[in-house]
Structure formats: C-alpha cells, structure tokens
Colleague: 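Sharing a structure with you now.
Values below: every heavy atom of this structure, side chains too, minus hydrogens, waters and symmetry copies. Numbers here are sequence positions counted from 1.
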Amino acid sequence: MRRGDKPVNIEVTEPIEVQALDLDAQGIARLAPSEEEISEGQSGKVIFIKGALPTEQVTYTITSDKARFSKAKVREILKPAVFRAEPKCAAFGVCGGCSMQHLDIRAQVAMKQRVLEDDLQHIAKVQPQEILRPMGGPTWEYRHRARLSAVNRSIKKGTVLIGFHEGKSGYVADMLACEILPKHVSDLLPELRKLVMGLSIVDRMPQIEIAVGEPEEPGSDDPQKNTPVTALVFRNLQPLTAADENVMRAFADQHRVWIWLQPKGIESVAPFYPETGKLCYRLPEFEIEMPFKPADFTQVNHLMNRSLVSRAVRLLEVRPTDRVLDLFCGIGNFTLPLARKAAQVLGIEGLATLTERAKANAKHNGLSNKVSFMQSNLFEVTPETIASWGRAQRWLMDPPREGAMEICKALAQLHLQKSDLLPERIVYVSCNPKTLARDADILCHQAGYTLEGAGIVNMFPHTSHVESMAVFVR
C-alpha cells in the first residue's frame with residue numbers, strides 16, 4: 001500500500017465479473033455506473049482485485065478506497081477462470097518476486113504479447129509487419145541471479161529472514177524455498193538463515209547476492225567439476241571476526257559454494273573463500289564461453305539467453321563483410337557471438353568495469369582481432385557521437401529500462417541530414433515495452449525505419465516483467 005493510502009476492510013458480497021488483468025496481475029472489474037455517472041457520460045468505478053482473473057465471478061474485500069478506483073483482494077471465487085493455475089510456491093501472494101503463478105503459463109505469454117502490441121499501437125502508432133513467435137523456456141528453477149535481503153527484525157524472535165521483499169513492501173517475505181531459483185539454491189535458504197544467525201555481525205549483513213554459473217567441465221567424471229558453480233556475495237557492513245571467517249569457510253565447504261564479500265560499494269566485491277574459482281555461462285551455438293564475476297550484469301535465465309542471442313543474431317542478418325555496433329554491450333553477451341558472423345564488431349558500454357570485462361572475454365574466446373570495445377555515455381548521444389563510432393551496416397541495442405531515446409533522436413537528425421551513417425538494420429532488445437514503443441515512435445516516424453517484426457521473450461516466467469525484441473529496417 002502506498003504512503004498516504006488509508007487502509008480499509010470492506011467486505012463486498014455482491015458478485016462482480018472480472019474483465020481484464022493489469023501487469024501486476026490484479027483483476028480489473030468495473031461497478032455499474034450510477035445515474036449521475038451515466039448523465040455525465042462516465043463509466044462505473046474501477047476495482048483492482050488482487051488474486052482475481054479475467055472471466056471470473058468473485059466477491060472481494062476492499063483494502064483501499066479512492067474516488068476514482070478501489071483496490072481489493074479476492075474474498076471468494078464463485079466462478080474460476082479456465083486458465084487459473086495452482087500456485088507452486090508456498091510464499092505466493094506474500095513474496096513480491098512472482099505475481100502470476102495463479103495464471104497458466106500460456107495465458108501469461110499471451111498477456112505479455114498483448115501488452116507489447118498495445119504499447120506499440122497506442123504509444124508508437126505502429127504495427128509490426130510480423131508478430132514474432134513468443135519465445136519460452138524453463139518455467140521453474142530458471143533464475144540464476146538473485147538479490148536476497150536479510151533482516152534480523154522479525155516477529156519470530158531469534159529468526160533471520162532471508163528472501164525477496166513482500167509485494168510493494170519494505171518487509172522481507174518469510175520464505176524457506178523459492179520455486180524459480182535452482183533447487184540447490186532454494187534448498188540453501190534455511191541454511192543461510194542459520195549461517196547469518198551464527199555470525200557476530202548478524203545485524204550488519206543486509207543482503208546476499210546469488211550468481212549461478214555453468215559447471216567448470218560439463219560431462220566430467222569429477223562431480224565437483226560437473227555441478228553448477230554457485231557464488232554468494234555477502235554485503236558485510238562490518239568486518240568479519242576470525243570466528244565469523246571460520247564459520248563462512250565451513251559453510252562454503254559443506255555446501256560447495258564460492259563466497260565473496262562486499263564491504264563497501266560495488267567496486268569492493270572480492271572473493272573470500274575459496275580465493276579462486278571459475279564462474280561462466282556458455283553459448284554453444286557460437287562456441288563462446290563467457291566468464292563473469294558475481295556482480296557483473298548477466299541475464300538471469302541462461303537457457304533463454306541462448307535462445308535470445310540466437311534469434312537476435314539471426315534477425316540482424318549479419319553478412320561476413322559487415323561492420324556491426326553492439327550498444328549497451330555489457331560484458332559482450334551479443335558482441336562476441338556477432339563477431340563469429342561479422343567482419344568487425346564495436347561494443348559500446350557506459351560502465352568502465354564492464355568494458356574491461358568485455359575485453360577480457362574477447363581475449364578469452366580468441367576474438368580480440370575482430371572485436372573492439374569503448375566506454376561511452378549512451379544517454380548523451382548526438383549525430384557527432386554516432387559519426388565518431390564510424391559507419392556500421394548493422395546495429396544491436398540492448399538498453400536498460402530507460403530505453404535508448406537519445407540514440408534514436410540522433411538517428412532522426414541524421415535522417416534529416418540524409419547521412420549514410422544510419423544502419424540498414426537494427427535489432428532492439430528491450431526489457432520495458434513502453435520505452436521500446438517510445439523509441440519505435442522516433443525510429444518509424446522520424447528516422448525513416450519500418451518496424452519489420454516484434455515479439456516477446458518470456459525471460460521471467462510468473463512475473464510481470466516483459467522482455468521483447470523488435471527489428472527495424474530502412
């Protein structure tokens with residue numbers, strides 16, 4: 001509940017039919033309009049009902065009441081939807097990590113595809129020439145990165161809570177398992193409680209970041225080298241005592257995890273025990289092995305990332321003579337596979353640390369002769385900036401949620417100048433359909449591009465996160 005909302009608890013026994021679903025997976029229903037509302041040409045009041053699905057008839061309890069809408073939770077489901085599913089996780093409804101476990105996975109995908117199409121139509125006023133087939137993969141145990149909170153202020157005295165936050169709340173959910181984490185990580189949650197409770201700095205360790213890599217040597221006869229590498233980054237606001245260090249080492253040995261510490265900012269993240277290790281993911285189609293550090297940005301869903309990269313490279317239609325730009329390149333997730341297809345690839349990233357990691361990964365894969373990297377602020381781009389990058393026939397863009405508006409505006413200016421710097425083809429990977437649609441508006445109506453295709457990638461099943469991909473051509 002947002003600050004300023006006055007909580008209420010009004011039970012409504014009159015059934016109502018749910019008409020739609022919002023991205024927070026709340027059912028949307030509407031009361032019949034009053035005579036006054038009808039006379040003023042208004043519709044009835046909107047009710048957002050947590051736990052309700054479209055086509056269902058429900059009764060509900062109002063938890064927040066405002067002039068134009070109310071928020072509520074399901075009281076009783078009188079007529080369930082055919083696409084209602086049984087949530088798998090015991091913490092569903094409390095934990096804020098997933099909001100759609102009660103919705104069949106096919107309906108989740110259809111809903112996300114509709115969100116993308118609606119945003120493109122309403123914000124950008126464009127329709128793709130082709131709706132790309134939705135991409136899906138594992139729906140459980142897929143999350144290979146997670147940031148868990150730890151808190152020693154629980155109602156249960158003597159208990160440390162470790163998990164995700166409750167929905168739209170600062171509280172940490174009381175969870176002993178998580179169905180979207182790999183099972184061996186989910187099984188660690190109760191053990192992590194015991195570990196933190198046994199430390200002298202139990203009140204000064206607020207966060208544990210998890211990063212799971214692929215086995216060091218897949219197919220090896222050595223079980224230790226053929227199991228996923230799991231790194232845990234503990235945010236320690238005070239130094240560990242000698243006793244604490246012994247406890248941490250024993251935990252690492254028992255559970256075969258790699259422990260890192262973060263005493264200050266992100267730059268302070270460093271391995272604690274064991275001192276060395278190998279954390280990586282692989283893109284077998286392109287013969288790429290990508291080493292990374294636990295604090296590096298990588299996709300959380302390794303198998304879906306393989307499909308994502310494969311489709312992006314295929315849609316870009318890279319020719320052996322092409323020069324390609326990879327904007328917001330990170331550690332080289334798209335850059336290195338593109339280098340297997342193109343003559344030259346330039347990866348551009350805003351963070352110096354990621355740029356250095358990308359250079360190291362290019363060297364690791366023997367691609368330093370075909371790839372170069374540079375650091376540049378991609379949120380401050382002009383036509384002169386693009387000119388400094390040099391001409392490239394193909395671009396790939398994978399921006400954060402803020403999108404790539406300044407880049408698109410600069411392309412629009414180059415279009416007016418009839419410049420030959422504009423790429424023939426752009427593949428845009430997005431984690432926010434609204435900023436993708438905003439940028440598509442600029443590209444299609446000001447920069448001379450056509451939206452050839454667009455579709456969703458269900459990178460985060462059971463959540464409201466919409467990952468998508470679009471192809472723009474001149």
Colleague: With sequence neighbours left out, which residue pairs that include part of residues 434-444 fulfil the salt bridge (charged side-chain N to carboxylate O under 4.0 Å, His left out) condition?
Modeller: Asp119-Lys434

Colleague: I'd like to know if Arg193 and Asp174 make a salt bridge, using a cut-off of under 4.0 Å between side-chain N and carboxylate O.
Modeller: yes

Colleague: Suppose we call two aromatic rings close when their centres sit under 6.0 Å apart. Are Tyr428 and Phe328 close by that rule?
Modeller: no

Colleague: Hey, are Arg311 and Glu317 close enough for a salt bridge, meaning a charged N less than 4.0 Å from a carboxylate O?
Modeller: no

Colleague: Apply the side chain to side chain contact (heavy atoms under 4.5 Å, CB included) test between Ile288 and each candidate in Leu336, Asn333, Thr335; give the one that qualifies.
Modeller: Leu336

Colleague: Does a salt bridge link Arg84 with Glu56, judged by any charged N lying under 4.0 Å from a carboxylate O?
Modeller: yes

Colleague: Of all heavy-atom pairs between Ala173 and Leu161, which one has the smallest distance, and what is that distance?
Modeller: O-CB, 4.5 Å

Colleague: Enumerate donor-acceptor pairs with a distance under 3.5 Å from any side-chain N or O in residues 130-142 to protein atoms, sequence neighbours excluded.
Modeller:
residue: Glu141; atom: OE1; partner: Lys183; partner atom: N; Å: 3.3
residue: Tyr142; atom: OH; partner: Pro461; partner atom: O; Å: 2.8

Colleague: Just wondering, are more than 12 heavy atoms of other shown residues or ligands nearer than 6.0 Å to CZ in Arg474?
Modeller: yes

Colleague: Could you list the residues that satisfy side chain to side chain donor-acceptor pair (under 3.5 Å) with Arg314, not counting sequence neighbours?
Modeller: none

Colleague: Between His102 and Phe92, is the gap from one ring center to the other below 6.0 Å?
Modeller: yes

Colleague: Picking from Leu31, Leu78, Thr59, what satisfies side chain to side chain contact (heavy atoms under 4.5 Å, CB included) with Ile16?
Modeller: Leu31

